[in-house]
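Everything on this sheet refers to the single structure shown next.
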There are 2 protein chains.
Amino acid sequence: MQRQTLQRVAIEAAFKDAKRPLAPVEVLEAARADVPTLNLATVYRTLKRMIQDHFIHPVELPGESARYELQAAANQHHHHFRCRKCDLVYDLEGCVDGLQSLLPEGFRMTGHDIVIYGDCTACNT
Amino acid sequence: MQRQTLQRVAIEAAFKDAKRPLAPVEVLEAARADVPTLNLATVYRTLKRMIQDHFIHPVELPGESARYELQAAANQHHHHFRCRKCDLVYDLEGCVDGLQSLLPEGFRMTGHDIVIYGDCTACNT
DNA sequence: TTGCATATGCAAATGCTTTTGCAATAAGAA
DNA sequence: TTCTTATTGCAAAAGCATTTGCATATGCAA
């Protein structure tokens, strides 16, 4: 059976606190606040496990390696904002209309991704 | 000065014929129709050169390595369609309204990417 | 407490995509 | 045609993110 280890608890906490998609290294840094000896290999093993358990969900942005966010967040349709100054990624609520109309004749849409780039509040100030 | 080699000409032709973003390996395969000895290293060297020369432009999609398309295509704002069956990427003309309204207070938008997933005409038939 | 299977840390190994060194080729100016 | 030098092909090397082997440490059921 699965064990409740300090590192797993720390990683779960990192996601719950962040409220935004985290890269593996970001998870490592955040969780090391609780468990300083935490290792990146452990982060990866735990991420894989949490994906299987549907606790987290991968978030892919163009040209970057995967980040992960709580499955709870992924359950409601949303998109992402990527700050060009601090490189953090935020969730955006809602969606837009009119995507369907971009399709040429004969193409069928089954999904879509939207990423907005710019400066976040923190960097804007 | 820059030389007009068979391989460079073949690679240019590949882009002009394709009318869609090509991955380096796709470029290799297409251009080998003209120059069978063409090597992937040469493709990469040529891509790098063509980017400097503003002849092509990188296209990044979530979770995938870069494709490239003619700068001419990139000059007019557009987005991409990715077929989940054949994995080809197509250009989509036009855009949508309302992106601005997805932003939280204090966030500023400087750019955006939209990717639509689904089945292309060829795969739909 | 004890026993043991799961989880961890560390370092080495993968699996890609992309780059580079080098000797051989081949543009294209003279 | 000849000569110079940019370009090519090939194979090896880099750079990444991610995974794995293994000995040690640690949950947790008994």
Side-chain angles (χ1 to χ4, degrees), chain A residues 1-15 18 21-69 80 82 87-89 115, chain B residues 1-15 18 21-53 55-69 80 82 87-89:
Chain A
M1 87 271 49
Q2 188 161 141
R3 291 181 181 171
Q4 180 92 341
T5 65
L6 287 180
Q7 14 289 85
R8 170 170 262 265
V9 171
I11 291 173
E12 282 185 24
F15 280 112
L22 298 178
V25 183
E26 290 180 301
V27 174
L28 178 70
E29 288 165 359
R32 271 188 171 165
D34 296 337
V35 184
T37 64
L38 182 62
N39 188 279
L40 189 53
T42 300
V43 171
Y44 274 105
R45 278 187 283 236
T46 307
L47 290 178
K48 178 174 277 187
R49 192 60 159 288
M50 289 178 163
I51 292 170
Q52 292 170 353
D53 298 347
H54 302 292
F55 178 72
I56 59 172
H57 182 86
V59 173
E60 303 269 14
L61 296 200
E64 309 184 44
S65 43
R67 290 176 175 76
Y68 301 87
E69 70 180 355
H80 297 97
R82 161 77 202 279
D87 292 342
L88 295 191
V89 173
V115 184
Chain B
M1 85 272 49
Q2 188 162 139
R3 289 177 183 175
Q4 180 91 343
T5 65
L6 287 180
Q7 14 292 84
R8 171 172 260 264
V9 170
I11 291 173
E12 282 186 23
F15 280 112
L22 298 177
V25 183
E26 290 180 301
V27 174
L28 178 69
E29 288 165 0
R32 271 189 171 162
D34 295 336
V35 184
T37 63
L38 182 62
N39 189 278
L40 189 54
T42 301
V43 170
Y44 274 104
R45 279 187 283 235
T46 307
L47 290 177
K48 177 173 276 186
R49 191 61 159 288
M50 288 178 164
I51 292 171
Q52 292 172 351
D53 299 346
F55 179 72
I56 59 172
H57 182 86
V59 173
E60 305 269 15
L61 297 200
E64 310 185 43
S65 43
R67 289 177 177 76
Y68 301 87
E69 71 180 355
H80 297 97
R82 162 75 202 281
D87 292 341
L88 295 191
V89 173

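Keep in mind that what you see is a predicted model, and the values were worked out from it rather than measured. Throughout, protein chains are lettered first and strands after them, A, B, ... in sequence-line order, and every chain is numbered starting at 1.
- Between A:Thr37 and C:dG9 there is a side-chain N or O to OP1 or OP2 distance below 4.0 Å.
- For the side-chain contact (heavy atoms from CB on, under 4.5 Å) test, residues two or more places apart in sequence or in another chain that qualify with A:Asp87 are A:Arg82.
- Applying the side-chain contact (heavy atoms from CB on, under 4.5 Å) test to A:Leu6 and every residue at least two apart in sequence or in another chain returns A:Val35.
- Residue B:Asn39 has no polar side-chain atom (N or O) positioned under 4.0 Å from OP1 or OP2 of D:dT8.
- Within the 4.0 Å cut-off from OP1 or OP2 of D:dT8, at least one side-chain nitrogen or oxygen of B:Thr5 is found.
- Only A:Pro24, listed by number, bring a heavy atom of residues 22-35 of chain A to less than 4.0 angstrom from any atom of DNA chain D.
- In this structure, A:Glu60 places its CD atom 13 Å from C1' of D:dT18, rounding to the nearest Å.
- Applying the side-chain contact (heavy atoms from CB on, under 4.5 Å) test to B:His57 and every residue at least two apart in sequence or in another chain returns B:Gln71, B:Ala74.
- Helix bend of the helix from C:dT1-D:dA30 to C:dA30-D:dT1: the angle between its two end axes, each built from five pairs, comes to 30° after rounding to 10°.
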Taking protein heavy atoms under 4.0 Å as touching, what does nucleotides 20-26 of chain D look like 5' to 3' if B marks base contact, S marks sugar-phosphate-only contact and - marks none? BB----B

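- Nucleotides of DNA chain D nearest to A:Tyr68 and A:Gln7 differ in position, and the one nearer the 5' end is that of A:Tyr68.
- In plain terms, the two heavy atoms of B:Pro62 and A:Glu60 that are nearest each other are CB-O, 3.5 Å.
- Look at CE on B:Met1: it is 8 Å from P on C:dG28, rounded to the nearest Å.
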